[in-house]
Amino acid sequence: MSSLGRGAGGSDDEAPVILAGAPDTFARSVFHDRHPKLIERVVEAHPYGERERAALRALLAETLHGTVEPLRTAALDAEDWAWWGEPWWGRTWGELPFLWAESYFYRRLLEATGYFGPGIWAGIDPFGPTKAAELDSAAVTAELAALDELADAPEAAARDALLLSALWGNQADLGFQLVAGSDTRSDGLLVDDRRELWAALTAAPAAGLHLIADNAGRELLPDLALLDHLLTSGTVATATVWLKPQPYFTSDATMSDLLAALRRLRAAGGAAGRLGDRLWQAQCNGALTARTHEFFCAPLGFDEMPNDLRAAFDGAALTVCKGDLNYRRLVGDRYLPPTTLFADLVGYFPSPVAALRTLKSDVIAGLSADRVAALDATGQPWRSNGEHALIQCAR
């Protein structure tokens, strides 16, 4: 039995837990609209045999119409999942907490494709073709070329441009196109704690920066560009990037994805190529460290992180949590009052912590009442349509 937390995840807040199947919710649309398309895409991307295809179809049918079943294979994490799932076995998927249900769906998808088995599909990332296609796309080529525009920019302007690129990450119209001085998405930035973020780093540069990565490919590239800038400018002495130990959700970054991103940078030429070479060397000499932990594929909030992971973050100048999923794990996957103070929700974290997040789910905190009223008045699904973002920091 591992040392991972044994709860069902989430914070101690009294706000209602987001459930996977509540009618007319974003969470329900993920299972009923997105997952069927995802299963189809995974099947089309691999010449799976009938065993794997049947298992994927059965998983989809179970999530839509059946009850939650335990893992069927004796993988290393089976005992953990048996514990985590004890309150949920035999219930419909819609009754589950959204965070738990999503995590278990992707764990079951790996089981269905044979990722943990002894057969030919063992260790094969079911999302690998999608990740590779994005990394090799013309759009990424253009974004990497745009790094040349930052070469002569003042340090503060380049730093902010790279931070905003990392924030918006996989937005098709942004990426590295956020050149120095650009402010093209200011209306979508709901909270901007840049000043607090930079102050946290400059207050203790020797302590180092930790970045909990989100997606691979087009989102990981600007993350790496930001880390390179912080290292080469002397803003931080060391940087640690935390990756998933196995494929998780559709495009979460693993060590294989980090290596692919570094190779893509090095092959790009120009400023991107030089950046890739610097990061490659930084990885060799220890200035940049890649780490992982089984906790990052657990259905738990960060308030339930095990002691060894807590100790790893303790003493960092700043830990940056990238992306929507990490935000949900950081503040709790609940229908929080949106005016709840971010700092009140993350006080348990063992280091100063910042969130760089494009909104793609219902969880939100740290907004003013006036801002919430104005957003609600638009009639748009502003919490989940990816058109808004935030930079939040608690020191």
Let me check something: any side-chain donor-acceptor pairs from residues 196-209 under 3.5 Å, sequence neighbours excluded? List them with distances.
residue	atom	partner	partner atom	Å
W198	NE1	D160	OD1	3.0
T202	OG1	W198	O	3.1
T202	OG1	A199	O	3.2

If you define the side chain from C-beta out and look only at heavy atoms, does anything of [X] sit under 4.5 Å from [Y]?
X: L220; Y: L135; value: no
X: L211; Y: L227; value: yes
X: F105; Y: F249; value: no
X: L167; Y: L164; value: yes
X: H293; Y: K244; value: no
X: L300; Y: W84; value: yes
X: L390; Y: I364; value: yes
X: Q246; Y: R107; value: yes

When you group the ILVMFWY residues by side-chain heavy-atom contacts below 4.5 Å and let the links chain together, are [Y] and [X] in the same group?
X: L288; Y: L259; value: yes
X: F98; Y: V17; value: no
X: V241; Y: M255; value: yes

Mind listing the side-chain donor-acceptor pairs of residues 150-157 below 3.5 Å, one per line with the distance, residues two or more places apart or on another chain?
residue	atom	partner	partner atom	Å
E155	OE2	H229	NE2	2.9

_So which atom in L243 and which in T292 form the shortest heavy-atom distance, rounded to 0.1 Å?_
O-OG1, 2.7 Å
*At their closest point, which heavy atom of R383 faces which heavy atom of P338, and how far apart are they?*
NH2-CG, 3.9 Å
*Ring centres of W89 and Y104 under 6.0 Å apart?*
yes
*What do you reckon, are the aromatic ring centroids of W100 and W81 less than 6.0 Å apart?*
yes
Indicate every side-chain donor-acceptor pair of residues 113-120 with a distance under 3.5 Å to a residue at least two apart or in another chain.
residue	atom	partner	partner atom	Å
T113	OG1	L109	O	3.3
T113	OG1	L110	O	3.1

*Can you sort out the partners of F342 under ring-ring contact (aromatic ring centres under 6.0 Å, His included), two or more places apart, ordered by chain and number?*
none
*Under the ring-ring contact (aromatic ring centres under 6.0 Å, His included) rule, collect the residues that match up with Y335, sequence neighbours excluded.*
none
[X] side, atom [atom1]; [Y] side, atom [atom2] - distance, nearest 0.5 Å:
X: S251; Y: D214; atom1: OG; atom2: CG; answer: 7.0 Å
X: E40; Y: L60; atom1: CD; atom2: CG; answer: 10.5 Å
X: L99; Y: L325; atom1: CG; atom2: CG; answer: 6.5 Å
X: W382; Y: E387; atom1: CH2; atom2: CD; answer: 13.5 Å

Only distances under 3.5 Å count here; give the side-chain donor-acceptor pairs of residues 19-36 to other protein atoms, sequence neighbours excluded, each with its distance to 0.1 Å.
residue	atom	partner	partner atom	Å
T25	OG1	A22	O	2.6
T25	OG1	R28	N	3.2
S29	OG	F26	O	2.6

*asked:* Given Y327, which partner from the list R357, Q392, K322 fulfils the side-chain hydrogen bond (donor to acceptor under 3.5 Å, both in side chains) test?
replied: Q392
*Between the side chains of S384 and S361, does any donor sit under 3.5 Å from an acceptor?*
no
*asked:* For R371 and T339, which I'm curious about, is there any donor-acceptor pair between the side chains at under 3.5 Å?
replied: no
*Apply the test side chain to side chain contact (heavy atoms under 4.5 Å, CB included) to residues L224 and D228: give CA-CA distance (whole Å), side-chain angles for both, the deciding distance (0.1 Å), then the verdict.*
CA-CA 6 Å; L224 293 174; D228 170 73; over 6 Å; no
*Evaluate the criterion side-chain hydrogen bond (donor to acceptor under 3.5 Å, both in side chains) for residue pair Y248 and T254; output intermediate values, then yes/no.*
CA-CA 9 Å; Y248 188 61; T254 66; over 6 Å; no
*Determine whether more than 12 heavy atoms belonging to other residues, nucleotides or ligands lie under 6.0 Å from atom CD of E86.*
no
*Does the side-chain hydrogen bond (donor to acceptor under 3.5 Å, both in side chains) test come out yes or no for T67 and T92, once each step is laid out?*
CA-CA 4 Å; T67 57; T92 65; over 6 Å; no
